[in-house]
J.: 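To start, I am sharing the structure in question, which I have written as structure tokens.
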Amino acid sequence: MKIASWNVNGVRARLDHVSGWLETNQPDVLALQETKVMDEMFPFDAFKPLGYQVSIYGQKSYNGVALLTKKIPTEITKGVEGFSDDQTRVIAGVCGGVLVINVYVPNGQSVGSEKFDYKMSWLKHFYAYLQTLLKVHQKIVILGDFNIAPADVDVHDPELWKNKVLCSDNERRWLNQILDLGFIDSFRLFEQEEGLYSWWDYRAAAYRRKMGMRIDLILISDALKKECIKSYIDEVPRGQDRPSDHTPVLIELS
DNA sequence: ATGGTCGATAGTCGA
């Protein structure tokens with residue numbers, strides 16, 4: 001089973017990119033973030049002819065997540081249980097016996113801002129939600145735009161970003177707390193080249209200058225470790241015309 | 001280079 005995640009920064013603006021990528025890569029599951037569209041305006045018709053089911057949790061202009069799947073998922077849930085939130089950031093469902101949790105973690109703007117406080121609160125409630133899910137599910141994949149670079153190796157210039165948003169100790173502490181529940185950052189199960197990232201800011205020609213970060217992650221529960229045979233980043237879409245600022249990340253399960 | 005560029009949307013906000 002091939003499972004992928006991609007922050008598309010507007011699914012309507014990226015229709016050709018996503019359709020083409022699905023045709024080429026044929027994932028069983030593609031988790032999208034920042035779809036930026038209300039449910040009734042989601043471009044269902046673009047994906048159904050390609051053989052994909054669409055499960056969505058959208059809103060106008062901001063946020064929005066979706067699961068594109070070859071088979072209809074079961075047990076679809078939206079949002080973080082126990083956390084009242086008008087921002088649409090989580091959609092989950094069971095695909096091929098695996099609970100797939102698609103997340104768009106808040107960006108946080110800057111350390112100490114109101115949006116950063118919201119990010120911290122969101123992470124706290126998401127952590128509590130995971131604890132309850134772990135009582136029911138063993139095989140879990142959490143994937144999406146985490147807006148957290150796990151370690152300095154995931155940052156193009158760690159000194160510049162030291163204790164800045166996406167890299168601060170408090171954010172990394174929450175990520176590590178989640179990992180301590182029994183999850184693995186799948187990317188680090190395998191030997192990787194240096195300087196592999198999943199996001200490059202549109203500004204300051206960051207992609208051309210290789211100024212990126214790995215903030216799009218696929219966490220797998222311990223029960224899936226033996227089944228995970230591959231975890232990688234597909235940098236191709238980021239180099240295309242009018243790209244998203246993020247590029248897809250993938251895993252393969254045996 | 002302490003700025004820049006996008007998407008959704010209709011003046012800005014958020015990333």
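Every chain is numbered from 1 and lettered A, B, ... according to where its sequence line falls, protein lines coming before strand lines. For the numbers below, each heavy atom of this structure counts, side chains included, while hydrogens, waters and symmetry mates do not.
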J.: I'd like the C1' distance from B:dG14 over to B:dG4, given in whole Å.
T.: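 Comparing C1' positions in B:dG4 and B:dG14 gives a spacing of 16 Å.
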J.: Expressed in angstrom and rounded to an integer, what is the separation of A:Asn7 atom CG from B:dA15 atom C1'?
T.: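 So the CG-C1' distance, A:Asn7 to B:dA15, works out to 9 Å.
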J.: Mind jotting down which residue pairs meet the ring-ring contact (aromatic ring centres under 6.0 Å, His included) criterion with at least one end in residues 204-240 of chain A? Sequence neighbours excluded, please.
T.: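 Output for this query lists A:Trp200-A:Tyr207.
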J.: Using links of under 4.5 Å between side-chain heavy atoms of ILVMFWY residues, direct or through other members, which residues join A:Tyr202 in one cluster?
T.: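 Traced through the cluster, A:Tyr202 reaches no other member.
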J.: Who are the ring-ring contact (aromatic ring centres under 6.0 Å, His included) partners of A:Phe42, not counting sequence neighbours?
T.: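 For A:Phe42, the residues satisfying ring-ring contact (aromatic ring centres under 6.0 Å, His included) (neighbours in sequence not counted) are A:Phe44.
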J.: Taking any heavy-atom pair under 4.0 Å as a contact, classify A:Tyr207: base, sugar-phosphate, or nothing.
T.: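 Nothing: the residue A:Tyr207, judged by heavy atoms under 4.0 Å, touches no strand.
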J.: Round to a whole Å and report the spacing from OH of A:Tyr118 to C1' of B:dA15.
T.: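 Going from OH in A:Tyr118 over to C1' in B:dA15 covers 14 Å.
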J.: With A:Asp117, which residues qualify under side-chain hydrogen bond (donor to acceptor under 3.5 Å, both in side chains), at least two apart?
T.: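 If we apply the side-chain hydrogen bond (donor to acceptor under 3.5 Å, both in side chains) test to A:Asp117, skipping adjacent residues, there are no hits.
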J.: Send over the distance from A:Arg208 CZ to B:dA1 P, rounded to a whole Å.
T.: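 Between P of B:dA1 and CZ of A:Arg208: 13 Å.
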J.: From CG of A:Leu166 over to P of B:dG14, roughly how many Å is that when rounded to an integer?
T.: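 Going from CG in A:Leu166 over to P in B:dG14 covers 17 Å.
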J.: Decide whether a cation-pi geometry holds between A:Arg89 and A:Tyr104; the criteria are a distance under 6.0 Å from NZ or CZ to the six-membered ring centre and an angle within 45° of the ring axis.
T.: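 Here A:Arg89 passes the 6.0 Å and 45° test against A:Tyr104.
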J.: Which whole-number value in Å describes the distance from A:Glu114 CD to B:dC13 P?
T.: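 Result: 14 Å.
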J.: Roughly how many Å apart are B:dG7 and B:dG3, using the P atom of each and rounding to a whole number?
T.: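 Comparing P positions in B:dG3 and B:dG7 gives a spacing of 24 Å.
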J.: For A:Phe126, enumerate each residue passing the ring-ring contact (aromatic ring centres under 6.0 Å, His included) test, keeping only those at least two apart in sequence or located in another chain.
T.: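 With neighbours one apart ignored, the set is A:Trp122.
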J.: For A:Gln87 and A:Met38, take the nucleotide of DNA chain B holding the closest heavy atom to each; which residue's nucleotide lies nearer the 5' end?
T.: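 Checking each residue's closest nucleotide, the 5'-ward one belongs to A:Met38.
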J.: Name the pairs: protein N/O against N/O of nucleotides 2-8 of chain B, kept only if under 3.5 Å.
T.:
unit_1	atom_1	unit_2	atom_2	d
B:dG7	OP1	A:Arg14	NH1	3.1
B:dG7	OP2	A:Arg242	NH2	2.6

